[in-house]
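Encoded as C-alpha cells, the structure appears first; notes follow it.
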2 protein chains.
Amino acid sequence: MPPTTARARARAEITAEITALAKEQLATVGAAGLSLRAVARELGMASSAVYRYFPSRDDLLTRLIIDGYDSLGEAAERADDPAAPPVTRWLGVCRAVRRWAREHPHEYALLYGSPVPGYRAPRDTVPAAIRVGAVLGRVLGDAARAGLLPPATGRATGALSPDVTPVLGGEHPALDDAVRARALLAWSSVFGTISFELFGHFTGASADPDAFFDDAMRDLAGLVGLRDA
Amino acid sequence: MPPTTARARARAEITAEITALAKEQLATVGAAGLSLRAVARELGMASSAVYRYFPSRDDLLTRLIIDGYDSLGEAAERADDPAAPPVTRWLGVCRAVRRWAREHPHEYALLYGSPVPGYRAPRDTVPAAIRVGAVLGRVLGDAARAGLLPPATGRATGALSPDVTPVLGGEHPALDDAVRARALLAWSSVFGTISFELFGHFTGASADPDAFFDDAMRDLAGLVGLRDA
DNA sequence: CACATCCGAGAGCAGTGCTCTCCCTGAGGT
DNA sequence: ACCTCAGGGAGAGCACTGCTCTCGGATGTG
C-alpha cells in the first residue's frame, strides 16, 4: 500500500530525506553532534519545519537507532550461511558484526555505547535490536538440533527469564538454562570485544586485531559448546 | 610539598570544588548534560571564571574520566583478597566492578560507553585506565605462580603485543599468548556484560541478574584457565 | 614600592533544541 | 464551484550551551 495521496507521498519523501541527511551527519560528527538545525539548513528549509516530521531530536535519533539495528541485523543475517558448520557460522556472523561496527563506528556507538542522555529507548527499538542476537541464537539452535551440542548439564540456575528461550535457539534437550546463559554471556562478550576495540580500550594491546578477534570469537563459540563436524 | 602560597591553596581548593560539583552533575544528568555554566552558576561565579581552571569542557571531562578510572580501580583493588583462591578472587573483583558500575552508572558510561564526540582521550588517562585490568592480571599471574593454571598450549598466535605482558600476569611458563589473549577476551567480556546490563540490552532477559552475572564471571574464569584448590 | 601575574566579572559571538505565531497551499466535503 | 480546514513552511524568539575578549582589582614577587 504505497501512500496514494500526494500529501502522504511528499511527507514520506521529505521524511526520508531528513533521515538520510541525519544519517550522513551521524556518520561524520556522531550522535552528540547531530544537529536538527544543521540538517534543516543543509536541506534548505527552516529549522522549525523539520519539527513537522520529527517532534524532537530524540525522535530522529530513535529513527536512526532502529535503522541502525536493522542495518546491523541485516548484515549479520546475510553473513550467516545456514549450510556451514556451527563454529564457522558463529565466526562468520561475529566477523560481519565487527565489520559493520568498524564501517559504521558512530552508528555502532549509538546502538551499543552510552545511552543518550535523558533518552529512554522506546519499545519500538526492541524488535530491531533483537535481530543480531537472533542470528547467533539460530546458530546455537541449529547446532543443537544437529546434535552438535554437548548434552545439557542440567545446572539450571533459574537466572534466566523464559522470554529468551525462543530467540536463543528455541526448545531442545541440549539447550538448558546453563547453555542459554552462556550464549547470553557470549553475546555480550562479542559486543564487549568490539566495543573495546572500537572505543580504544585495546589500543596497543593487540598486534594483530583481526587474528585476536577471530581467536576470541572461536573461544566464545567453544564456551557455549559449539563445535564443528 | 603542599602549596604554601595562598594563591596556590585557593586555586587547588577551587579546582576541587569545581570537579566535585561537576562530578555531582555528572552523576545526575550524565556526561552530555554536564554544563560548565551550570557548575559556575551553582558555584556562584561567572562562567568565564571557570575557564581559568579548566581550559575547556573536555578538560573537565578528562579530569572526571581519570578520577573515575581511579575510583573504579581502587574499588577493584580493595575487593581483591590476595589470600583467596583464584576463582574467588576473580569473582570478587568482577563483582566489585559491577557494583561500582551500578552505583556510578553515568561515570561508568563515561569511561566505557561511547567516546565523547570529537574528544580524544589524552595519554594521561592510560595509567588510571589500566588499574582495573591490572587487578585481574594479577589474579591471573598469582594463579600461574601458584601452579593453578593448566600448562600452556603453546598455540602462540602472535596476535598480542608484548606490551600487555606485564599487566597480564607477567612472565611465566603457564602464561603464553593464548592464555593472555583469553584473559584479554575475558576482560572485555566482563565490561561487555556489565555494559549490556547497565545500558539495557539485557532487559527482560535475566530473571536474576545477580545470579546470571556470577555464573557468567565464573564461566569467564574457567575460560582463562582459573580454578580453585 | 613597582611590576607582573593571577583571577574574577561582564559582554558578546555563534550555535543549539524547541515553541509560537503567521500565512499559504492543497485536499475534502457540500 | 465554493468553502473550510488541516498540513506544512517561514520567521521570530526563548533559554540554554561552549568559548573568547576585554577590563579591573587583588595578589604575590623583584
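What you see is a predicted model, and the numbers here were worked out from it, not measured in a lab. Each chain gets a letter, A, B and so on, in the order its sequence line appears, and its residues count up from 1.
Atom P of nucleotide C:dC7 and atom OH of B:Y53 are separated by 5 Å, given to the nearest angstrom. Rounded to a whole Å, the CZ atom of B:R9 is 15 Å from the P atom of C:dC7. Taking atom CZ of residue A:F54 and atom P of nucleotide D:dG7, one finds them 17 Å apart after rounding to whole Å. Taking atom CG on A:L36 and atom P on C:dT19, their separation rounds to 11 Å, with Å as the unit. Protein atom CG of A:L61 is 15 Å distant from nucleotide atom P of C:dT16, rounded to whole Å. In this structure, A:I18 atom CD1 and D:dG9 atom C1' are separated by 12 Å, rounded to whole Å. C:dG17 atom C1' lies 13 Å from atom CD of A:Q25, rounded to whole Å. Rounding to whole angstrom units, CD of residue B:E13 and C1' of C:dG8 are separated by 16 Å.
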Starting from the C-alpha separation in whole Å, work towards a yes-or-no answer on side chain to side chain contact (heavy atoms under 4.5 Å, CB included) for A:W187 and A:V224. CA-CA 10 Å; A:W187 186 18; A:V224 301; over 6 Å; no
Please assess A:H201 against B:S188 for the test side chain to side chain contact (heavy atoms under 4.5 Å, CB included), listing each intermediate value before the final yes or no. CA-CA 9 Å; A:H201 295 285; B:S188 65; over 6 Å; no
Might you work through the salt bridge (charged side-chain N to carboxylate O under 4.0 Å, His left out) test for A:R95 and A:D214, ending with a clear yes or no? CA-CA 8 Å; A:R95 278 177 170 165; A:D214 280 6; 2.4 Å; yes
Using salt bridge (charged side-chain N to carboxylate O under 4.0 Å, His left out), reason through A:D210 and A:R98 one step at a time and then give a plain yes or no. CA-CA 10 Å; A:D210 293 359; A:R98 175 169 179 257; 3.0 Å; yes
Tell me, with the steps shown, if B:T193 and B:F202 meet side chain to side chain contact (heavy atoms under 4.5 Å, CB included). CA-CA 9 Å; B:T193 325; B:F202 273 155; 4.0 Å; yes
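Of the possible donor and acceptor atoms, one in the side chain of B:S114 sits under 3.5 Å from a partner among the backbone N and O of A:S114.
Classification of the B:F191-B:Y108 ring pair by plane angle, with boundaries at 30° and 60°, yields parallel.
Using a 4.0 Å heavy-atom criterion, one finds that A:L43 contacts no nucleic acid atom at all. Across all strands shown, B:L60 has no heavy atoms under 4.0 Å from either base or sugar-phosphate atoms.
Distance from the side chain of B:R57 is smallest to D:dC19 among D:dT17, C:dC22, D:dC19. Listed candidates were C:dG17, D:dA10, C:dA9. Nearest to the side chain of A:Y51 is C:dG17. Out of C:dT21, D:dT17, C:dG8, the shortest distance to the side chain of B:A38 is found at D:dT17. Taking the side chain of A:R41 as heavy atoms from C-beta on, and the options C:dT16, D:dT17, D:dC23, the nearest nucleotide is C:dT16. Closest to the A:R11 side chain, of the nucleotides D:dG18, D:dC16, D:dG8, is D:dG8.
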Check: protein-nucleotides 26-30 of chain D nitrogen or oxygen pairs below 3.5 Å:
residue, atom, partner, partner atom, Å
D:dT27, O4', B:R7, NH1, 2.8
D:dT27, O2, B:R7, NH2, 3.0
D:dG28, OP1, B:R7, N, 3.2

Sort me out a list of protein N/O and nucleotides 10-13 of chain C N/O pairs below 3.5 Å, or just none if empty.
residue, atom, partner, partner atom, Å
C:dG10, N7, B:S48, OG, 3.3
C:dG10, O6, B:S48, OG, 2.7
C:dG12, O6, B:R37, NH2, 3.4

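Between A:D215 and B:R182 there is no salt bridge, since no side-chain N of the basic residue sits under 4.0 Å from a carboxylate O of the acidic one.
The 5' end of DNA chain D is approached more closely, in terms of each residue's nearest nucleotide, by A:I14 than by the other of A:I14 and B:R52.
For the residue pair B:D59 / B:T62, no side-chain donor-acceptor distance below 3.5 Å is found, with atom types taken as modelled.
Atoms CG and CD1, from A:L43 and A:I14 in turn, are 8.0 Å apart once rounded to the nearest 0.5 Å.
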